[in-house]
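Structure, as structure tokens:
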Amino acid sequence: MRPTTKSFSQLVYDLTKQIPKGKVTTYGILARRLGRPKAGRAVGRILGANPHPIVVPCHRVVKSDGTLGGYSGRGGIRTKFELLGHEGVEIRNDRVDLSKFLFKDFKAKP
DNA sequence: AGCGCGGCTTTTC
DNA sequence: CGAAAAGCCGCGC
């Protein structure tokens with residue numbers, strides 16, 4: 001889809017692109033950042049459909065509890081692990097330390 | 001700790 | 001164009 005206005009998905013990708021290497025964020029945070037605290041699932045749906053796999057590092061987005069969640073990219077969830085680990089994010093038992101790698105300093109307005 | 005329900009956007013028929 | 005299904009969640013019970 002390609003609405004003329006900046007749609008939800010557009011903002012989701014925008015925020016995701018802001019995540020620096022070695023940091024991660026959660027679907028819930030993204031949703032709240034966009035004004036939809038309950039749209040976590042929608043965010044997942046959007047990232048899953050990710051039409052910009054190169055521009056948008058959707059692998060840097062994990063669940064609110066620290067688990068990676070899922071990944072529809074090539075290689076599946078495994079790739080997500082590799083990518084994060086390769087970027088410096090320490091993963092303990094399928095989990096990310098949100099207390100140290102959580103990034104939420106998104107720019108207020110683009 | 002595990003299960004179920006709710007809330008949201010995008011996509012497809 | 002309108003309606004229905006789906007999806008990498010979140011949170012409560």
Side-chain angles (χ1 to χ4, degrees):
Chain A
M1 225 182 242
R2 18 168 294 203
T4 30
T5 348
K6 259 198 176 180
S7 55
F8 200 82
S9 59
Q10 182 70 62
L11 292 181
V12 172
Y13 299 130
D14 215 56
L15 290 176
T16 306
K17 287 190 318 193
Q18 291 179 47
I19 307 174
K21 171 171 162 295
K23 290 280 175 107
V24 299
T25 196
T26 76
Y27 301 100
I29 291 175
L30 286 176
R32 290 188 188 194
R33 227 62 188 179
L34 299 177
R36 263 76 195 178
K38 309 294 197 282
R41 207 167 186 180
V43 174
R45 169 75 179 77
I46 293 164
L47 285 175
N50 195 357
H52 309 287
I54 322 289
V55 200
V56 183
C58 47
H59 62 269
R60 286 179 190 159
V61 186
V62 299
K63 291 184 62 173
S64 55
D65 59 355
T67 50
L68 298 196
Y71 192 68
S72 299
R74 185 247 182 245
I77 190 66
R78 206 185 65 179
T79 305
K80 197 164 174 179
F81 273 80
E82 295 290 314
L83 286 169
L84 288 175
H86 189 275
E87 293 182 351
V89 178
E90 295 171 31
I91 300 178
R92 307 289 173 171
N93 193 32
D94 298 12
R95 272 203 165 187
V96 178
D97 198 327
L98 294 179
S99 312
K100 299 161 67 175
F101 301 104
L102 179 59
F103 172 82
K104 52 178 181 177
D105 184 33
F106 296 105
K107 57 179 176 184
K109 300 193 72 172

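It should be emphasised that the depicted structure is a prediction, and the values quoted were computed from it without experimental measurement. Residue numbers start from 1 in every chain, and the chains themselves are labelled A, B, ... in the order their sequence lines are given, proteins ahead of strands.
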Original post:
Between residues 62-81 of chain A and DNA chain C, which residues have a heavy-atom gap below 4.0 Å?
Top reply: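 Per residue number, the list reads A:K63, A:S64, A:G69, A:G70, A:Y71, A:S72, A:K80.
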Subject >> For DNA chain C, the residues among residues 46-55 of chain A that have a non-hydrogen atom under 4.0 Å from it >> reply: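 Contacting residues: A:L47, A:G48.
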With sequence neighbours left out, write down each residue that passes side chain to side chain contact (heavy atoms under 4.5 Å, CB included) with [X], or none if nothing qualifies.
X: A:R32; result: A:P37
X: A:P20; result: A:K23, A:F103
X: A:E90; result: A:R92, A:F101
X: A:L34; result: A:F8, A:L11, A:V12, A:L15

**OP:** Provide, to the nearest angstrom, the distance between the CG atom belonging to A:L11 and the C1' atom belonging to B:dC8.
**Re:**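 Rounded to whole Å, this separation is 14 Å.
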Subject >> Sidechain-backbone polar pair: A:T79 side chain, A:R74 backbone, donor-acceptor under 3.5 Å >> reply: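 Pair found, side chain donor or acceptor close to backbone of A:R74.
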Original post:
Hey, is the main chain of A:L68 close enough, under 3.5 Å, to the side chain of A:K80 for a donor-acceptor pair?
Top reply: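 Yes, because the side chain of A:K80 sits within donor-acceptor range (under 3.5 Å) of the backbone of A:L68.
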Subject >> Close residues, residues 84-99 of chain A, relative to DNA chain B [heavy-atom separation under 4.0 Å] >> reply: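 None, since no heavy atom is under 4.0 Å.
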Original post:
Could you go step by step and tell me if A:L98 and A:V24 meet the side chain to side chain contact (heavy atoms under 4.5 Å, CB included) rule?
Top reply: CA-CA 8 Å; A:L98 294 179; A:V24 299; 4.0 Å; yes
Original post:
Could you give the distance from CG (A:L30) to OG (A:S64), rounded to the nearest 0.5 Å?
Top reply: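 It comes to 11.5 Å.
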Subject >> A:N93 side, atom CG; A:T67 side, atom OG1 - distance, nearest 0.5 Å >> reply: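 Output value for this atom pair is 11.0 Å.
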**OP:** Tell me, with the steps shown, if A:N50 and A:T16 meet side chain to side chain contact (heavy atoms under 4.5 Å, CB included).
**Re:** CA-CA 11 Å; A:N50 195 357; A:T16 306; over 6 Å; no
**OP:** Decide yes or no on side chain to side chain contact (heavy atoms under 4.5 Å, CB included) for A:T25 and A:L102, but give the supporting numbers first.
**Re:** CA-CA 5 Å; A:T25 196; A:L102 179 59; 4.3 Å; yes
**OP:** Answer with base, sugar-phosphate or nothing: what part of the nucleic acid does A:R60 contact at a heavy-atom distance below 4.0 Å?
**Re:**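 No contact.
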Original post:
Can you name the residues that form a ring-ring contact (aromatic ring centres under 6.0 Å, His included) with A:Y13, not counting sequence neighbours?
Top reply: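 A:Y13: ring-ring contact (aromatic ring centres under 6.0 Å, His included) contacts with A:H52.
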Subject >> Residue pairs fulfilling salt bridge (charged side-chain N to carboxylate O under 4.0 Å, His left out) with at least one residue in residues 47-70 of chain A, sequence neighbours excluded >> reply: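 Sorted result for residues 47-70 of chain A: A:R60-A:E87.
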Subject >> Pairs involving residues 35-48 of chain A, ordered by first then second residue, that meet salt bridge (charged side-chain N to carboxylate O under 4.0 Å, His left out) (sequence neighbours left out) >> reply: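 Not a single pair qualifies under salt bridge (charged side-chain N to carboxylate O under 4.0 Å, His left out).
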**OP:** Runs of at least three consecutive Watson-Crick or G-U pairs, both distances under 3.5 Å, are what I'm after; which ones involve DNA chain B?
**Re:**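 In DNA chain B, stems of three or more pairs: B:2-6 with C:9-13, B:8-13 with C:2-7.
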**OP:** Dump the intermediate steps for side chain to side chain contact (heavy atoms under 4.5 Å, CB included) on A:D14 and A:K107, then the final yes or no.
**Re:** CA-CA 10 Å; A:D14 215 56; A:K107 57 179 176 184; 3.8 Å; yes
**OP:** Mark up nucleotides 2-7 of chain B, 5' to 3', with B wherever a protein heavy atom is under 4.0 angstrom from a base atom, S wherever such an atom reaches only the sugar-phosphate, and - elsewhere.
**Re:** ----BB
